2 protein chains.
Amino acid sequence: MSISSQNADALAERLSHSGLRATPQREVVYNVLLKKRDHPTADEVFARVKSELPTISLATVYNCLETLVQCELVRAVNFERGPTRYCPNLRPHAHFHDEHTGKTHDIDLPADLLDKVSSVLPQGYDAKSVEIIFRGKTAPH
Amino acid sequence: MSISSQNADALAERLSHSGLRATPQREVVYNVLLKKRDHPTADEVFARVKSELPTISLATVYNCLETLVQCELVRAVNFERGPTRYCPNLRPHAHFHDEHTGKTHDIDLPADLLDKVSSVLPQGYDAKSVEIIFRGKTAPH
DNA sequence: GCGATAATTAGAACTATTCCAAACTTAGGC
DNA sequence: GCCTAAGTTTGGAATAGTTCTAATTATCGC
Ligand SMILES: [Mn+2]
Ligand SMILES: [Mn+2]
Ligand SMILES: [Zn+2]
Ligand SMILES: [Zn+2]
């Protein structure tokens, strides 16, 4: 069984679990995200998907991306008011936004860090998610 | 000397330091932020400022807010793709976004926490800023 | 295969923000 | 106290990213 059909199965499983259908558009969008994990925008996903599904529309790309986010197969990532970026990395991780290159890097987090960070919350605050964003520059080469 | 004129002086100082001028619009926008620290949007700031300067324009509110952010008297805060919110709290702090009420709460951070968080960065990553966002609900009353 | 339901599509609409060019204000130099 | 240059404000147009709409097409269970 190919990697891609494993992914397709995982996707179909998650989709049907939410009463949603597996479609070629959803599969291709998801595969595009898995193939090049550079946190593309919806426009960039659109461009990549087009080579396989030339008639897909931008609206469908937005629909598919939102579906994937809701199935928790993909995370939406925002920096300031820039276009939303999409990330298929499901491990707990932070994002480093390189202001020079514009590139976004995943920073894997030690198992206990998010708990440690959440422990600063006063009584009565119940966090469902924690997001950590670094902004700065990365060394060359 | 009133609190408000102390703020006005601090503002004038920061502005002239950057070769910028103190204007009534900038002062009123800054005072509005200091007076009610509920992370208002530009539109909300506009509405509040109007009662003191009825002829101010929305473009000017955006200009003033950007100026204040550049002088580092105010932080711009974003949640997903919602409108930018403005925060005059200069202590190191995280934001807690209550999904039920839509309200944003400041979470003061212990002195060492941001360093601890930054220490997860691999060699070669140089973070100029770290941002922490919690999302969830707060207990009633 | 058929009907019900879900998904896709193109384009219009929307929201928050930025851009623009003209008018106004302010700080200095005389 | 005026003049000029520079900075600022203003209303409206433009823009970017996303969401909405209504029509068409695909899929699923029977
Ligand atoms: Mn993130
Ligand atoms: Mn923040
Ligand atoms: Zn990521
Ligand atoms: Zn704040």
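Chain A is the first sequence line, chain B the second, and so forth, proteins listed ahead of strands; every chain is numbered from 1. Keep in mind the model is a prediction, meaning the values are calculated, not measured.
Residue A:F96 comes nearest to A:K137 through the heavy atom pair CZ-O, 3.6 Å, listed as atom of the first residue, atom of the second, then distance. B:S118 approaches A:F134 most closely through the heavy-atom pair CA-CE2, 3.8 Å. The minimum heavy-atom distance between B:N78 and A:E80, with the atom names listed, is ND2-CA, 3.6 Å.
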- Criterion side chain to side chain contact (heavy atoms under 4.5 Å, CB included) on B:K128 and A:E99, from CA distance to verdict: CA-CA 10 Å; B:K128 218 177 63 189; A:E99 293 171 323; 3.2 Å; yes
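Counting to the nearest Å, the C1' atom of C:dT26 and the CD atom of B:E27 are 14 Å from each other. The distance from atom CZ of B:F46 to atom C1' of C:dT15 is 16 Å, rounded to the nearest whole Å. The distance from atom CZ of A:R81 to atom P of C:dT17 is 5 Å, rounded to the nearest whole Å.
Running 5' to 3' along DNA chain D, contacts with non-hydrogen atoms of chain A at under 4.0 Å begin and end at D:dG17 to D:dC28.
Looking at A:N31, A:L15, A:T60, A:L68 one by one, the single match for side chain to side chain contact (heavy atoms under 4.5 Å, CB included) with A:R26 turns out to be A:L15.
A side-chain donor-acceptor contact under 3.5 Å links A:D98 to the backbone of A:T138.
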- Query: In B/S/- notation, 5' to 3', how is nucleotides 3-11 of chain C contacted by protein heavy atoms closer than 4.0 Å?
  - Reply: --BSSSBBB
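With respect to A:R75 and A:E131, no salt bridge is recorded, no charged nitrogen being found less than 4.0 Å from a carboxylate O.
No continuous path of ILVMFWY side-chain contacts below 4.5 Å connects A:V77 to A:Y30, so the two sit in separate hydrophobic clusters.
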